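Here the structure is a predicted model, which is why all the values come from computation and not from measurement.
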Amino acid sequence: MSNVIDLLNDHKSERSFTDEAIDDATLERIISTAYRAPTSVNSQQVSIVVIRDEARRAEISKIAGGQPWIAQAPVFLVFVLDMYKSHVGLELIGDQQIAHESVESVVAGATDVGIALGSVMAAARSEGLGIVPIGGIRRDSDAMIKLLKLPKYTYPVAGVVIGHVDVPSHHKPRLPLETFRHDETYKTDGLEEKISKYNQEIVEHWKDTGRTDGDTWSASVSGYYKHIYFPDVLPNLIKQGFGFNK
């Protein structure tokens, strides 16, 4: 089996890090994988802001709702949907960008960010480091925009913590593969039963790993999805110049 496949299948989100620094050469190799990652129509609509400053990481930890691992690990990368670069590029030839007024551009840009994020996570782990992706920066994206001095037509989609692992995490069980892989058409038959069994399995996992507060998957996701998760995303996207009427 491919070493890359083994690496990806061994994924764990780590949340315990030492403060040991990551050397420049290693970080450069990791970031290069996102730099070379594919983007829609070669738009290159992804940028990364590297955060090493301790005080700035502490501030981002607060913005993300109090996630201590952001402040704990030595590096935090912010992945930015970046249509400012293309805006400038079009102006150079006398054209005007209007694509940012379309929801398609947000979908395509977020997809490209996801590809870049996946590349960085795999690269960091291949260097023996631990990672945890962070969507919590969207909790107060306006504060992130101001902290990072992001220009118009940009938006901080996600981040990732990178560092040397202190106390390793555990692999979590997943929903059955047949709830993920659908051949030819989406299959809904038996989904409730499969989720019910998984709810029991995840509770047993929490018990086995020493967590007494572990809940079912349904209850855990409900805590986020029974309301709008980050309600300020839309107004902050609009404030940054993005549109959704086209």
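- Cluster membership check: L8 does not share its hydrophobic cluster with I162, using side-chain heavy-atom separations under 4.5 Å among Ile, Leu, Val, Met, Phe, Trp and Tyr.
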E204 and K207: CA distance, side-chain angles, deciding distance, salt bridge (charged side-chain N to carboxylate O under 4.0 Å, His left out) verdict
CA-CA 5 Å; E204 289 303 314; K207 291 178 180 178; 3.7 Å; yes
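- In summary, the side chains of Q44 and T39 do not present any donor paired with an acceptor at a separation below 3.5 Å, with no hydrogens or angles considered.
- Heavy-atom neighbours of L92 CG from other residues, nucleotides or ligands within 6.0 Å: above the threshold of 12.
- We find the OG-NE2 distance between S16 and H164 to be 13.5 Å, quoted to the nearest 0.5 Å.
- Distance alone, capped at 3.5 Å, is enough to place a donor-acceptor pair between the T216 side chain and the A219 backbone.
- Atom CG of D213 has more than 12 heavy atoms from other residues, nucleotides or ligands within 6.0 Å.
- Taking 4.5 Å as the limit, some side-chain heavy atom of V120 sits within range of a side-chain heavy atom of V160.
- No side-chain donor-acceptor contact under 3.5 Å links D82 and T154.
- The shortest distance between side-chain heavy atoms of E20 and P74 does not fall below 4.5 Å.
- Formation of a donor-acceptor pair under 3.5 Å by the S61 side chain with backbone atoms of A71 is not found in this model.
- Smallest separation of non-hydrogen atoms from V157 and R138: O-NH1, 2.7 Å.
- When all heavy atoms of H170 and K12 are compared, the closest pair comes out as C-CD, 3.9 Å.
- Looking only at atom types and distance, the side chain of Q97 has a donor-acceptor partner in the side chain of S86 under 3.5 Å away.
- Checking side-chain atoms of D95 against main-chain N and O of E91 turns up no donor-acceptor pair under 3.5 Å.
- A 6.0 Å sphere centred on OH of Y84 holds no more than 12 heavy atoms belonging to other residues, nucleotides or ligands.
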What do the steps show when you test V80 against V46 for side-chain contact (heavy atoms from CB on, under 4.5 Å), and what is the final call?
CA-CA 6 Å; V80 179; V46 179; over 6 Å; no
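- No single ILVMFWY cluster, assembled from side-chain heavy atoms under 4.5 Å apart, contains both V50 and Y35.
- Using a 4.5 Å cut-off between side-chain heavy atoms of Ile, Leu, Val, Met, Phe, Trp and Tyr, with links allowed through other members, I202 and Y225 fall into the same hydrophobic cluster.
- In this model, a donor atom of one side chain and an acceptor atom of the other lie less than 3.5 Å apart for T26 and R29.
- Note that CG of L81 is 10.0 Å distant from OH of Y155, once rounded to the nearest 0.5 Å.
- Contact annotation: the side chain of V78 approaches that of I137 to within less than 4.5 Å [non-hydrogen atoms, C-beta and beyond].
- Heavy atoms of other residues, nucleotides or ligands lying less than 6.0 angstrom from CD1 of I98 number 12 at most.
- The shortest distance between side-chain heavy atoms of D19 and Q72 does not fall below 4.5 Å.
- Residues S220 and D215 bring no donor and acceptor atom of their side chains to less than 3.5 Å of each other.
- In this structure, the side chains of F76 and I134 come closer than 4.5 Å at one or more pairs of heavy atoms.
- With rounding to the nearest 0.5 Å, the separation of OG1 in T33 from CD in E28 is 12.0 Å.
- With rounding to the nearest 0.5 Å, the separation of CD1 in I60 from CD1 in I51 is 4.5 Å.
- To the nearest 0.5 Å, atoms CG (L147) and NZ (K62) are separated by 11.5 Å.
- When all heavy atoms of K246 and E101 are compared, the pair lying nearest together is NZ-OE1, 2.5 Å.
- K187 and D189 are not joined by a salt bridge, as no carboxylate oxygen comes within less than 4.0 angstrom of a charged side-chain nitrogen.
- For the side chain to side chain contact (heavy atoms under 4.5 Å, CB included) test with S40, the passing option among I115, D112, V107 is D112; the others fail.
- Atoms CH2 and OH, on W217 and Y198 in that order, are 8.0 Å from each other to the nearest 0.5 Å.
- Note on ring orientation: taking the six-membered ring where Trp is involved, the planes of H182 and Y186 are parallel (angle under 30°, cut-offs 30° and 60°).
- Using a 4.0 Å cut-off between charged side-chain N and carboxylate O, R57 and D53 make no salt bridge.
- Summarising the local packing, CD of E54 is surrounded by 12 or fewer heavy atoms from other residues, nucleotides or ligands at distances under 6.0 Å.
- Contact of the F242 side chain with the M83 side chain is registered, since non-hydrogen atoms from C-beta on lie closer than 4.5 Å.
- L234 and Y224 fall within the same hydrophobic cluster, where Ile, Leu, Val, Met, Phe, Trp and Tyr residues are linked whenever their side-chain heavy atoms come under 4.5 Å apart, directly or through other members.
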If you apply the rule side-chain contact (heavy atoms from CB on, under 4.5 Å), what do you find for I63 with R139, and how did you get there?
CA-CA 7 Å; I63 289 171; R139 175 178 172 270; 5.6 Å; no
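- Across S169 and E14, no two heavy atoms sit closer than the pair N-OE1, 2.8 Å.
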Please lay out, stage by stage, how V233 and L237 fare under the test side-chain contact (heavy atoms from CB on, under 4.5 Å).
CA-CA 6 Å; V233 169; L237 275 166; 3.8 Å; yes
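- Using a 4.0 Å cut-off between charged side-chain N and carboxylate O, E201 and K197 make no salt bridge.
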Evaluate the salt bridge (charged side-chain N to carboxylate O under 4.0 Å, His left out) criterion for residues K194 and E192: first the C-alpha distance (whole Å), next the side-chain angles of each, then the deciding distance (0.1 Å), finally the verdict.
CA-CA 5 Å; K194 293 179 177 69; E192 289 184 5; over 6 Å; no
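- Residues S119 and A34 share a closest heavy-atom pair of CB-N, 4.3 Å.
- Within the 4.5 Å cutoff, side-chain heavy atoms of K172 are placed close to those of H205.
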Give the intermediate values and the outcome of side-chain contact (heavy atoms from CB on, under 4.5 Å) for residues L90 and Q96.
CA-CA 6 Å; L90 266 65; Q96 181 180 2; over 6 Å; no
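- Placement of V165 and W69 in two distinct hydrophobic clusters is found when ILVMFWY residues are connected by side-chain heavy-atom separations under 4.5 Å, directly or transitively.
- Of all non-hydrogen atoms in L129 and I30, the two that sit nearest each other are CD1-CD1, 3.8 Å.
- In this structure, W206 and D208 have side chains that are not in contact, with every pair of non-hydrogen atoms separated by 4.5 Å or more.
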